[in-house]
Amino acid sequence: MMRPLGQYPLDELKLIYRLLHDQLDKNEALVDSELLQELQQLLQARARAEGVDVTLHAQWATWLNDGVKLHVV
């Protein structure tokens, strides 16, 4: 039986979200994925609880990448 999303380790949820999000441009069906939307909502709630302003892409992306700041080339 599958556990609710919130019961999985945060690092796994972040990894799965990043992998799926990276595939959006290659697979348009993911844009309408309820699972991806629920995962994003869960992660954003956890990020906000840690003081992250998820409306600021840089803060959200840094949190998703475990504090690693992404450099835009």
Nearest 0.5 Å, please: how far is [atom2] in [Y] from [atom1] in [X]?
X: L5; Y: E12; atom1: CG; atom2: CD; value: 11.5 Å
X: L42; Y: Q37; atom1: CG; atom2: CD; value: 13.5 Å
X: D22; Y: Y17; atom1: CG; atom2: OH; value: 9.5 Å
X: L39; Y: E34; atom1: CG; atom2: CD; value: 13.5 Å
X: I16; Y: D11; atom1: CD1; atom2: CG; value: 11.0 Å

Any V54 side-chain heavy atom under 4.5 Å of R48 side chain: yes
Close side-chain approach of L15 to L19, heavy-atom, < 4.5 Å: yes
Worked check of side-chain contact (heavy atoms from CB on, under 4.5 Å) between L43 and K14: CA-CA 7 Å; L43 290 173; K14 286 180 178 182; 4.2 Å; yes
N27 side-chain N/O to Q23 backbone N/O, donor-acceptor pair under 3.5 Å: no
D53 backbone acceptor or donor facing Q59 side chain under 3.5 Å: yes
Derivation of the side-chain contact (heavy atoms from CB on, under 4.5 Å) call for L36 and V31: CA-CA 8 Å; L36 184 57; V31 173; over 6 Å; no
Neighbour count >12 (heavy atoms, 6.0 Å) for atom CD, E50: yes
Nearest atoms (heavy-atom pairs only) where R46 meets L13: NH1-CD1, 4.2 Å
